Amino acid sequence: MAKIALGSARDIRANWSGNVAFSPTEVVHPRSEREIVHHIARATAHGTTLRAMGAGHSFSPIAKPNGVTLTLDRYRGLVSIDKDTGDVTLRGGTRLWEIGPLLARHSRALEVMGDIDRQSISGAISTGTHGTGGRFTGVCGLVTGLKIMLANGDAVWADREHNVKLFEAARLGLGALGIIVEVRLRTIPLYKLHRREYAAPLEETAARFLETSAVQDHQEFFFVPGGKRAVVRELNHVPAESSSKGMGRVRDFVESEVVGNGAFALANRLVQAVPVSKGSLSGAVSTLMPAGEAVHLPYRLFVTSRRTRFRECEMAIPACRFDEAFDTLTRTLERSTPSLIFPLKVRRTAADDVWLSTASERDTVYIAAHNPCHAKNDDYLRLVHDTLAEFEGRPHWGKMHWLKEAELRSLYPRWNDFAAVRNELDPDRLFSTPYLDSLLGG
Ligand SMILES: Cc1cc2nc3c(=O)[nH]c(=O)nc-3n(C[C@H](O)[C@H](O)[C@H](O)COP(=O)(O)OP(=O)(O)OC[C@H]3O[C@@H](n4cnc5c(N)ncnc54)[C@H](O)[C@@H]3O)c2cc1C
């Protein structure tokens, strides 16, 4: 059986942002369903817990093990593509960056992706990873079926016709129900994206966001606390035959250089060394944000690379409460934000019917705040979190938050259904951890 010493395949001593340390008793990298069954049986026999880990890109301790860590790093790739429906079935450890090129070879594509593509497909759906677009759901909404290994060692296929309750729960299961070994996703014919980025007045951008994000395929905007300008990013689907352009120097500028990487990290350090007024800071930041345009394949334009590490909190609020929530948040930040200029980011998704999805049964706007890794505390993230929690905010499961079971259960209409599936399938809590129990109950 494949048994690998800690750290020998890739560094899994901490999550991507470095704020959650992992110290599993053992790390196993099975290559087959048979080996996964073996590890389940062995953990059960030894009375230890088994935690699946994807790429370790969650900011919260959701992947932190309390016993054995199981990764599917060696269980990746294409299982099949259905020629009639276009649905693709992938092994559970497949990384998102592998999916785009794989689908393009079959003239298919994912209809939406988030900011980055380093995650595993199982990790992405298990925490509700999403992109933006008023007509698009998060990734878990694309799942049309999955195969999961349960605590009793059974491998079960679940979709809308078979094991329906398991399907509803495991499309976003927080790793609590079993090891996902295959995921089937809806795809659409291959297309290209036309991306535009431009600066605009913040107040007007926010006031029109519900309207514009319903028309644009994928729209989002960034703003600096205390600032008056927004940077808007729009991605629209164009035919696959469109000529590619603009992937040169402007490529990824806004997110990868300004938001995600060097420019803001440098600015943040300067701010801490030399106090500057928020007004002059945000003016300077706006000038860092040029307009840009590009056309390319979706898996090239949805995502960016992130070289600078940060911590993030993201709250999902009902779209119908966005205006009041945004107003309250910007006023709060105006009054009390420390001199941080990592921009906040605003995105939108359609409602879905996934029980624990942050967009479950509600059209949703997401507001995300970032803290540079060198920040001494997360008071700023906590402020954004607490402010948006007042507007029925549901925290992203893979990002930092401070809600526990009592608060969370009141936010999800299908909470008890999920709990019933978990109790039935994992009564002895093989897949549990103290952190998971704090969210779902022990
Ligand atoms: C730089 C950066 C950018 C990001 N951008 C976005 C974004 O644009 N949109 C967004 O929504 N999120 C975003 N995220 C958050 C990220 O998508 C989620 O936290 C995601 O869960 C990480 O996937 P992972 O493969 O690293 O999973 P991990 O963090 O390793 O695990 C997450 C959960 O999945 C479970 N899991 C993993 N594999 C399996 C399996 N085979 N079976 C059962 N359970 C499993 C784990 O037990 C755990 O509960 C970003 C994170 C980073 C670091």
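None of these values were measured; they are calculated from a predicted model. Counting convention: from 1, in listed order, for ligands and their atoms alike.
Within the 6.0 Å centre-distance limit, the rings of H218 and F136 are counted as a close aromatic pair.
The shortest contact between atom 44 (N) of ligand 1 and any protein heavy atom is with G175 CA, 3.5 Å. Of the protein's heavy atoms, S58 OG, 2.6 Å lies nearest to atom 29 (O) of ligand 1. Of the protein's non-hydrogen atoms, the one nearest atom 4 (C) of ligand 1 is I116 CG1, 3.7 Å. Here the heavy atom of the protein found nearest to atom 43 (C) of ligand 1 is G178 O, 3.3 Å. Scanning the protein heavy atoms around atom 22 (C) of ligand 1, the nearest turns out to be Q119 CG, 3.5 Å. Summary of contacts: the protein heavy atom closest to atom 10 (C) of ligand 1 is H396 NE2, 3.3 Å. The closest protein non-hydrogen atom to atom 45 (C) of ligand 1 is A52 CB, 3.5 Å.
Within the cation-pi definition used here (under 6.0 Å to the ring centroid, within 45° of the axis), R233 does not qualify as a partner of F221. A cation-pi arrangement is absent between R321 and F391 under the rule of less than 6.0 angstrom and at most 45 degrees off the ring axis.
Contact annotation: for R51 versus ligand 1, heavy atoms closer than 4.0 Å belong to the side chain alone. Of all the heavy atoms of L72, the ones lying under 4.0 Å from any atom of ligand 1 belong exclusively to the side chain. For I62, heavy-atom contacts with ligand 1 shorter than 4.0 Å involve the backbone as well as the side chain.
A heavy-atom separation below 4.0 Å is found between K399 and ligand 1. Heavy-atom separations between S60 and ligand 1 are all 4.0 Å or longer. Assignment of G56 to the shell around ligand 1 is supported, since a heavy atom sits closer than 4.0 Å. Assignment of R95 to the shell around ligand 1 is not supported, since no heavy atom sits closer than 4.0 Å. Using a 4.0 Å heavy-atom cutoff, W397 is absent from the residues neighbouring ligand 1.
Looking at R105 and I81, their side chains never come closer than 4.5 Å, going by heavy atoms from C-beta outward. Looking at heavy atoms from C-beta onward, V88 lies out of side-chain contact with R184 at the 4.5 angstrom threshold.
Ion pairing between R208 and E211 holds under the 4.0 Å rule for side-chain N and carboxylate O. Of the charged side-chain nitrogens involved, none lies within less than 4.0 Å of a carboxylate oxygen, so that R31 and E35 do not count as a salt-bridged pair. Under the 4.0 Å criterion applied to side-chain N and carboxylate O atoms, D115 and K345 are assigned as salt-bridge partners.
Of all heavy-atom pairs spanning F167 and T144, the tightest one is CE1-C, 3.7 Å.
The N/O atoms of S120, backbone and side chain alike, include one that comes under 3.5 Å of an N/O atom in ligand 1.
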**Report entry** Stepwise salt bridge (charged side-chain N to carboxylate O under 4.0 Å, His left out) check, R171 with E168
**Finding:** CA-CA 6 Å; R171 278 193 286 167; E168 300 299 358; 2.5 Å; yes

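Under a 4.0 Å criterion applied to the non-hydrogen atoms of I179, ligand 1 contributes the atoms 42 (N).
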